[in-house]
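The next block holds one structure in the form of structure tokens; read it before the comments.
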Protein chains: 2
Amino acid sequence: MTPMTPGAPAPKGSAPKGQRPARTTATRQKLFDASMALIGERGAANVTVDEIAAAAGVSKGTVYYNFGSKSELIAQLLRHGVDILKARLLGTAEDGTAGPKTTGPGTTRDPLLAMEAMIGQAMDFMAEYPSFARLWVSENWRTPSEWQGTFTVLRGELLAVIGQAVESVAKAYPVDESVSRGSLETAIFGACFVVGLDRQTYNPERTRDQSVAAIMAIMRGYVLKPAAPQE
Amino acid sequence: MTPMTPGAPAPKGSAPKGQRPARTTATRQKLFDASMALIGERGAANVTVDEIAAAAGVSKGTVYYNFGSKSELIAQLLRHGVDILKARLLGTAEDGTAGPKTTGPGTTRDPLLAMEAMIGQAMDFMAEYPSFARLWVSENWRTPSEWQGTFTVLRGELLAVIGQAVESVAKAYPVDESVSRGSLETAIFGACFVVGLDRQTYNPERTRDQSVAAIMAIMRGYVLKPAAPQE
DNA sequence: CTATTTGTACTGACTGGTCAGTTTAGCTAG
DNA sequence: CTAGCTAAACTGACCAGTCAGTACAAATAG
């Protein structure tokens, strides 16, 4: 479901004309789904290519035909997941809501509400693709990693989206300038992953909104006078 | 350095009389140091027991003599690290400061300052033992993991320490009761790891205090009227 | 004070299994 | 027709765990 296939249509020698990957797209999606589930559960190093192929219902050769190596499969899996996450985050940025708690028809565009909607989207993503979140936290921060470059790029893309939202807040409200913008974005970024994963793993009884509220505390602490918190 | 050896003095059949683990303690410490470094860098699954033994300057058999299995070595490594971290966090809780930014001789015991000191200690720990932090985020959240039980226990111990500090703040200040205590603790806990690791991996130019300030934004957002933020 | 025993800590070669990646010949959907 | 895929066997490196044996210190015996 939700086929996306980012930027690499042809596996090896690319056909110069238009894209004809009719079967290929389906095969890749199946491989993404299967490897996402397995790798998220047991870790990249503890899952074999044979298992992934079996779970996807294709043969081992197909994996190597499409991706060339286990390492490359995982790299593209990371890109794939980030594309989905980015699309969701940006989707909310367009109208500031997209959540179930719309404040009203005319009250959109408030940066703090947009921020809240975005974090809500992040929580939903973590709930829907917990395996991706686990893969991310497992392999990000590994210093000489095979996916070092991949992570640097993808992390930058995601932080840019968050940075945009923080920027909007900083323009609309007086904020605590003594807090470094970068550290703040990192804290929010990390908190989304960790709170989302913790909810999934240790505290399934926690609601989505509780998690969002906890992360939003960061923003309320960043903004100087939060205009009397709905008391 | 800093020998600790938590709770298991004798490996198999314990000598009933006095403890003579003179060599053993040193060996275990060497194995902890070596495996911490290697596993933190490349991940538990990508490090071999032979490598660990070689790095520690002992033979492979010694690893199995002392720990019985690779899995058990890692479990004890996790306990070891958490003991160190807990000791640091609790050390600050006793007098509320212990950081380089003591406010004065009589002004200690303010819960928010204590919180800040504690987060500072956490940042120092992440900087000193980045490999432990990496191991933690890599293997925590793995659903059917070999160390599931270990993580549940250790996570509980650490969250209890944070919970204590949050509790003190909630007693001394008016706080936003709509934010669930558990989610808040989780967010702080996670933010410490992630911000500390990100600093180590991607942003070494960020200072310790910037990181602390970003995480403290959570607390300032949790407290309702932060008494006019030093403007 | 010597000799023997005992138990602990450690050694390192070896085993049996696992797994990434390759190869090849053939099938099938578009 | 051919790009995409299958099925199965194979290679070669790699690695967790084992085990028979060594080193040495303290206890016990002669």
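Protein chains get the first letters and strands the later ones, always in sequence-line order, with residue 1 at the start of each. All values below come from the heavy atoms of this structure, side chains included, with hydrogens, waters and symmetry mates left out. Keep in mind that this is a model prediction, so the values were computed, not measured.
Using a 4.0 Å cut-off, no side-chain N or O of B:N66 falls inside it from OP1 or OP2 of C:dA9. A sub-4.0 Å separation between OP1 or OP2 of D:dG4 and a side-chain N or O of A:Y65 is present. Between A:T27 and the phosphate of D:dG4, there is no side-chain N or O to OP1/OP2 separation shorter than 4.0 Å.
Each salt bridge (Lys or Arg N to Asp or Glu O under 4.0 Å) pair with one or both residues in residues 39-48 of chain A, not counting sequence neighbours, appears once here: A:R42-A:E51.
For A:K60, the side chain to side chain donor-acceptor pair (under 3.5 Å) partners two or more places apart in sequence, or in a different chain, are A:D50. Judged as a salt bridge (charged side-chain N to carboxylate O under 4.0 Å, His left out), and not counting sequence neighbours, the contacts of A:R142 are A:E139. Residues passing the ring-ring contact (aromatic ring centres under 6.0 Å, His included) test with B:F151, sequence neighbours excluded: B:W136. In this view, A:Q210 satisfies the side chain to side chain donor-acceptor pair (under 3.5 Å) rule with no residue, not counting sequence neighbours. Taking the side chain to side chain donor-acceptor pair (under 3.5 Å) definition, one finds that A:T186 meets it with B:R206, sequence neighbours left out. Taking A:E146 as the reference, nothing meets the salt bridge (charged side-chain N to carboxylate O under 4.0 Å, His left out) condition, with sequence neighbours excluded.
No cation-pi contact links B:R134 to B:Y129, judged by a cut-off of 6.0 Å to the six-membered ring centre and 45° from its axis.
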How would you summarise protein contacts on nucleotides 12-30 of chain C per nucleotide, using B for base, S for sugar-phosphate only and - for none, with heavy-atom distances below 4.0 Å?
B------SBBB--------
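The bend of the helix from C:dC1-D:dG30 to C:dG30-D:dC1, defined by the angle between the axes of its first five and last five pairs, stands at 10° to the nearest 10°.
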